[in-house]
Amino acid sequence: MTDTLADHADRALRRGEPLVELIGVGKSYGPIRALRDVDLVAAAGEVTCVLGDNGAGKSTLIKIISGLHPHTAGTMRVDRVERSFGSPREALDLGIATVYQDLAVVPLMEVWRNFFLGSELVAGRYPLAGMRIREMRRIADQELRKMGIAVADINQPIGTLSGGQRQCVAIARAVYFGARVLILDEPTAALGVKQSGVVLKYIAAARDAGLAVVFITHNPQHAYLVGDHFVILKLGAAVLDARRGTVTLDELTTQMAGGDELAELARELDRR
Amino acid sequence: MTDTLADHADRALRRGEPLVELIGVGKSYGPIRALRDVDLVAAAGEVTCVLGDNGAGKSTLIKIISGLHPHTAGTMRVDRVERSFGSPREALDLGIATVYQDLAVVPLMEVWRNFFLGSELVAGRYPLAGMRIREMRRIADQELRKMGIAVADINQPIGTLSGGQRQCVAIARAVYFGARVLILDEPTAALGVKQSGVVLKYIAAARDAGLAVVFITHNPQHAYLVGDHFVILKLGAAVLDARRGTVTLDELTTQMAGGDELAELARELDRR
Amino acid sequence: MRRSLRLLARPEAGALAAALVIFVFFLVVAPSFRSMAAFCTVLYQSSTIGIVAVGVGLLMIGGEFDLSAGVITISAGLVNSMFCWYLGVNLWAGALLSLAFCLLVGFLNGWLVMRTGIPSFLVTLGTFFVLQGANLGVTKLVTGSVSSRDISAIDGFTSLQKVFAWSFPLGAATVWITVLWWALFVALAAWTLQRARIGNWIYAVGGAADSARAVGVPVVRTKIGLFMTVSFLGWFVGMHLLYRFNTLQAGNGVGNEFLYIIAAVVGGTLLTGGFGNAFGVAIGAFIFGTTSLGIVYAGWDPNWFKAFLGVMLLLAVLVNTYVRRLSSAPAPAAPAAGPPVPVPAASGKEG
Amino acid sequence: MRRSLRLLARPEAGALAAALVIFVFFLVVAPSFRSMAAFCTVLYQSSTIGIVAVGVGLLMIGGEFDLSAGVITISAGLVNSMFCWYLGVNLWAGALLSLAFCLLVGFLNGWLVMRTGIPSFLVTLGTFFVLQGANLGVTKLVTGSVSSRDISAIDGFTSLQKVFAWSFPLGAATVWITVLWWALFVALAAWTLQRARIGNWIYAVGGAADSARAVGVPVVRTKIGLFMTVSFLGWFVGMHLLYRFNTLQAGNGVGNEFLYIIAAVVGGTLLTGGFGNAFGVAIGAFIFGTTSLGIVYAGWDPNWFKAFLGVMLLLAVLVNTYVRRLSSAPAPAAPAAGPPVPVPAASGKEG
Amino acid sequence: SGGRDDGKADSDSGGGNAAGSSGYTVAFVTHETPGDTFWDKVRAGAEQAAKDTGVTLKYSNDPDAAKQAQLIQSAVDAKVSGIATTLVTPDALAGAVKSAGTAGIPVVGLNAGIDQYQKLGALMYFGSDESLAGTSVGKRIAAQGVKHPLCVIHQTGSVALEARCAGVKSAVPGTENIQVNGADDSAVTTTLQAKLAQDKSIDYVVALNAQVALDAINAKQQSSSTAKVSTFDLNPEIAKRIKDGQVEFAIDQQPYVQGYLAVSSLYLYLKNGNDIGGGKPVLTGPSFVDSANIEKILPFTEKNTR
Ligand SMILES: Nc1ncnc2c1ncn2[C@@H]1O[C@H](COP(=O)(O)OP(=O)(O)OP(=O)(O)O)[C@@H](O)[C@H]1O
Ligand SMILES: Nc1ncnc2c1ncn2[C@@H]1O[C@H](COP(=O)(O)OP(=O)(O)OP(=O)(O)O)[C@@H](O)[C@H]1O
Ligand SMILES: [Mg+2]
Ligand SMILES: [Mg+2]
């Protein structure tokens, strides 16, 4: 899998260089303020983990970076240039690829078509040029197999896949097309232990290939396995912003769960 | 929260009595065999955990129990009576409530309407009897608060909630209406540490109130915290079927992840 | 509670604003529009569209179409009229027979849709053609012409006319009973949608039928019930036509099915189902009635009638959309591509 | 590859079977249907519906409707005819002007839909009314009557007729060039949908516009392009009508928009978008052509025409659904409520 | 060449009163389906009369009987001075016409309703009689030995069209009806083509409007049928076809006259209390247009007055 990433990664990336910077970013949905005054840096060769309660604004944050919603306050810089994306296309064109929590797949379309949607391989530059279908099928199949997912038929509508299989397609797609920045919104949520492991390996490989990775997860263990930088959101605001080394896994877990509640839970549930 | 469960639980339940039994159950989607020859017992006062890879057939299994698809082979018994459900209504009427992986909410409808959908509180028995709306709002709000979720407005369309918030609504609903059997398909997938804890507490409380719980999860830790019985599916067939005590957490994790791969992963990713 | 009231009021607020704009516009440009008589005529015209439109609106909220809703009004009248004329029996018997017939057609529509999985658009298109053909074929067979015979001399006519086509003067104006019936049906539908359990089910089967089924909503029964409601209201309007005009043209009614759909959609019903409101549909019918008669009152060139109608409709929808946006203040939509979240105002595939 | 071919062939297999059943049925019951001439007539009739239906099918796969597709054919012809007749210029200039006009209308339709978030059903309903009114109003203004004048004497007529309305004898039968054009457009659309990148986008914007946008599909441009494709094909048929019949009735074309939609849906296009197939749409048009003429060839009672049409259409759709179920062998649907998974055959809100 | 002939573009300019100068407003309500040539001429006649008499004309139309009744009602609401209306569905319109009477507004009937207009309370009637016109056509073609004519109904369920065909059938029992989609010329052509191929014994096609007659000629050529064609109503194209013999004749009920007389009679009634027709209907047709008189009529069809 490292080959895929290495093949596609932008070779001009230098470790530590900030690719995406958010400064005081805020976002309101009408009367609802989902995000306020958040700072975040996604640097090349680093994994930034965003953690937080349900409804804390994590998805909102990454939707801003990936161009799905424009932000309503603060500034965003990509490659040190201030930007406000009008559409996800603009983000994609800057090499920012995203796995959305709600997946962004088209249920009635075949798996391989979903994989290449928006970035089809074509045989020529004229408008109705044929797609290189055979190649697209092969690549889609191959990338999925690398994640340990063998779908019965790469031509089946993606709506007939299991939840986890769909998740894998979305991840494989983002990894394949993420040239500079890779954003993942709870990629391991629907995945089993094995597939989660594969995804974590992907994240590590992307980091090693020099990409900037933004990784949203509810699992502090997962975050701690690969993260360089941890941001915890609470009610739309950042309550913790720490580099690896300045925070331990236990601290992270405690922060996320709201202090002692977790200890109590473990005690309560402990049956042994 | 125990109050909710105790209030609604069927008082006639006796611990250990099998409420749902599957014997050699199989299911094909046209040419695709998603499930073959699976045995499973959900007994009152016990938590049965179903684990397995993505696409192993876990959701298919619970869809059979909850009446969404009929099975194509084997037999299912509910309360020792052989049954094949024609619709989820029949399952609900037998006190079987389900949280589906894809949630089964109606995005455009208000949160409280979704909460009570299919089981509305009405003021009378005549056809156009008014619903007890105020009461329904209060209950929905209260049940969500118990899970630590305070939605800004119980009247907002559920489609505007975050992924985790929606999950909480679905869980709260099933818990509230689950009188005898509670089925949960990856309920904690989109949840943070705190909310996951709450859900596990619910499961424990349901068990203690005498309900039979079927709990699908990818998280062996979660499963081990509450489970009495563990079934691991692989490619549609059961590969492990063990009671608590005959299996350790490590064995469970290893079985799920396919042996040594996990150890290798931990080694590979270990950066400390 | 305040907040919730605001939300409940939202869907029809836009339609209401649009109706007001159009109404005031015609008050200004058409002097003869400024009378109680004209207003009553508009109300009457709106009610004949609006009664069936209420049912069609419910059905569309429930995620289905009924293209046979226009011709069934005529079928209803013809069954009643020809049965009684041919056999010479009391008209009440014919009216009941006709009711049974219409309910059966509605049931068949719904049953076929649910049983075969064929889209309701196609199933009811089939019914539409069949009814249209049967109206003509049977009428010619029975009466030898393309219109039914005058039934005003048959027993039961006066009492039925009282029920379905009664009118009373109000100053210089005439108020038709259909307007009152319309108000009643709208109120009933509004209650059902907002307060009754079945209303919850209607929204659910239209918004996400599979999810609704999964939580135990009787999807099949709800949808079949909606089809039958539409045919019932079609029967009602058919009775009105028959007892107001005594005879019916067998070829009429065609095209009205789209007026009903237009009224529903102008009133804010989502074409893809799951969102809408009974008052909105009523206002949609009123907008249509006002516009089509307003143009006449204003005395504009009838060659351009349709063009005016089109422009007015577009205006109404624009005002509607604009006001609803204002009042619900949703996420500032990403430029051009429509809001990405299911905020009803402009969501779904139409967004 | 074998497997994939089977899958690609699937959507239209049902429609094809239905077409064959209907065709053979009429071969059996109508002796005069059994001739090359009759077949060519059916093909011609199908092509005049089918050409626009291809575009409408693409648009519906892309999740939108165009109700103005019927009248725009007449608008196209009228613009060409009246411009050249009034100014006495070469007809080619008028044809190009008309093309520009039609593309503009298509663009406006699409732009309004995307910009305002108003459902395309309403926007194009507005355009439909406006065009219908303008056709009549302008024609009356320019020519003083409600039909355009004979243009067969104006320069460029013969060459344009060669392009749009040429025909050649084939034995006793006449083959119209529209049939060839139709085949070409269908082939092009089929290529686009199956093989071109834009086809991928069309399915995506119809199946899940928000998801498509999220992965970088230019949703707005794709949809506007689809609206313009429909107007282009409308223009094409308008040119055929003009150069075949020389004069046009300003009130014509109304109602055809639904024939296009019917052809698309009978051919297996999902009314809610995201699923369908160019060949399917073509077969849908052919089924419609065969049925409506077959009834005439069979000499059945014309009073019942619509009833026969309705029954035949329902039959066609039933055969289509049944064959598709068989060939794709999806999950055995839960009784009555339709399959709970998005297997296209009968999914979506219509399921 | 071949375009508009600049010389005669503005035919009906000329003197006369400006509209409205006599102070009367006449509502003119018909069952026109928009875009029909026939009704266009009725309206042209009405407009000319309005211009000549200084009446303000309000024309409106709807083919649906209930909506037509509604249009009459709105004219009553608008307190016009007089109403001219077609009475194609007398029973359905009776209520609205009565309410005009109650409001003291004079009503005249035109085009259809010759037997019922008096019962409804209309003062005068100008028109032909659809079934009489049909019978005249039937008699004329029966005299040529026609056995099996085809009568083409281009609007489903239209009372007026059915009456014409019934008239033809009363004179030629072998008459067969066919329904076509009048809004689509290619559909009309192919349907007729199919019918002519299906039944070779059809020896005559009676079209009920001019455009359908043109389509019938097309269909005839395509199916190499020898059936002859005649039509109701005129337009410039048909006039030319009559001249070159492709259409045998057209039966004309002089729509322009119907419109003109309906408005001017109301004017005279209001102004002067006149009663045209002396309590009897005034017939404007049927009159035949064939090769014998086409030369005289051709120029008028070009001007849209015949
Ligand atoms: N409607 C369907 N049609 C065809 N195949 C299906 C359908 N539903 C599920 N499948 C297939 O059946 C298999 C089992 O699916 P299922 O959803 O039960 O898996 P799962 O164990 O729940 O996986 P996950 O953990 O990813 O949710 C998968 O291979 C899936 O592609
Ligand atoms: N389109 C919208 N309209 C209104 N409110 C919204 C919208 N989208 C999100 N919200 C609200 O914004 C808040 C943040 O939502 P977001 O989806 O960013 O949370 P999240 O951190 O991703 O949660 P989760 O972990 O549950 O996915 C929530 O309260 C949610 O209800
Ligand atoms: Mg989220
Ligand atoms: Mg699953």
Side-chain angles (χ1 to χ4, degrees), chain A residues 63 66-69 85-93 96-110 112-134 136-137 152-162 170 173-174 177 185, chain D residues 1-11 61-63 187-222 225 269-270 272-276 328 330-331 339-345 347-348:
Chain A
K63 282 176 183 165
S66 60
L68 211 53
H69 303 322
F85 293 133
S87 84
R89 184 77 259 166
E90 299 174 24
L92 279 164
D93 288 344
I96 302 175
T98 310
V99 178
Y100 296 95
Q101 190 174 11
D102 47 11
L103 296 186
V105 295
V106 184
L108 289 178
M109 287 176 79
E110 293 97 324
W112 65 269
R113 282 186 189 257
N114 263 292
F115 190 96
F116 279 95
L117 187 57
S119 312
E120 294 82 0
L121 306 179
V122 282
R125 294 183 59 85
Y126 45 102
L128 292 186
M131 296 187 292
R132 305 208 297 273
I133 294 186
R134 203 180 296 233
M136 287 159 71
R137 283 214 187 94
D153 185 350
I154 199 85
N155 296 308
Q156 89 193 82
I158 203 165
T160 63
L161 294 190
S162 82
R173 173 174 68 186
F177 293 107
D185 194 357
Chain D
M1 272 314 276
R2 166 112 30 97
R3 195 186 180 98
S4 82
L5 280 178
R6 190 177 64 78
L7 273 156
L8 283 178
R10 198 201 303 165
I61 294 174
L188 216 65
W191 168 271
T192 306
L193 281 178
Q194 288 304 324
R195 306 298 309 259
R197 177 214 291 256
I198 296 174
N200 233 18
W201 295 351
I202 294 174
Y203 282 117
V205 298
D210 295 339
S211 298
R213 181 171 173 266
V215 297
V217 172
V219 176
V220 177
R221 268 190 292 143
T222 306
T269 312
L270 207 61
T272 43
F275 187 78
S328 70
V341 290
V343 167
S347 83

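Proteins get letters first, then strands, A, B, ... in listed order; numbering begins at 1 in each. All values below come from the heavy atoms of this structure, side chains included, with hydrogens, waters and symmetry mates left out.
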Checklist outcome for this item: Cut-off 4.5 Å, heavy atoms of chain D, and the answer for A:V122 is side chain
Checklist outcome for this item: So, the part of A:R132 with a heavy atom under 4.5 Å from chain D: the answer is neither
Checklist outcome for this item: Nearest heavy-atom approach of D:G216 to A:P88 is N-CB, 4.5 Å
Next on the checklist: Heavy-atom cut-off 4.5 Å, strictly under: side chain, backbone, both or neither for A:M131 against chain D?
Outcome noted: both
Checklist entry - Is the shortest heavy-atom distance from the side chain of D:R213 to the side chain of A:L68 under 4.5 Å? => result yes
Checklist outcome for this item: So, the part of A:L117 with a heavy atom under 4.5 Å from chain D: the answer is both
Checklist entry - Does the side chain of D:W201 reach to within under 4.5 Å of the side chain of A:E120, using non-hydrogen atoms? => result yes
Item to check | Residue among D:G207, D:P218, D:A208, D:A212 with most heavy-atom pairs under 4.5 Å to chain A | outcome: D:A208
Checklist entry - Do you know which of D:L188, D:V215, D:N200, D:I198 has the most heavy-atom pairs under 4.5 Å to chain A? => result D:N200
Checklist entry - Got a donor-acceptor contact below 3.5 angstrom from the D:W191 side chain to the A:L128 backbone? => result yes
Next on the checklist: For D:Q194 versus A:I133, what's the shortest heavy-atom pair and its separation?
Outcome noted: O-CD1, 3.5 Å
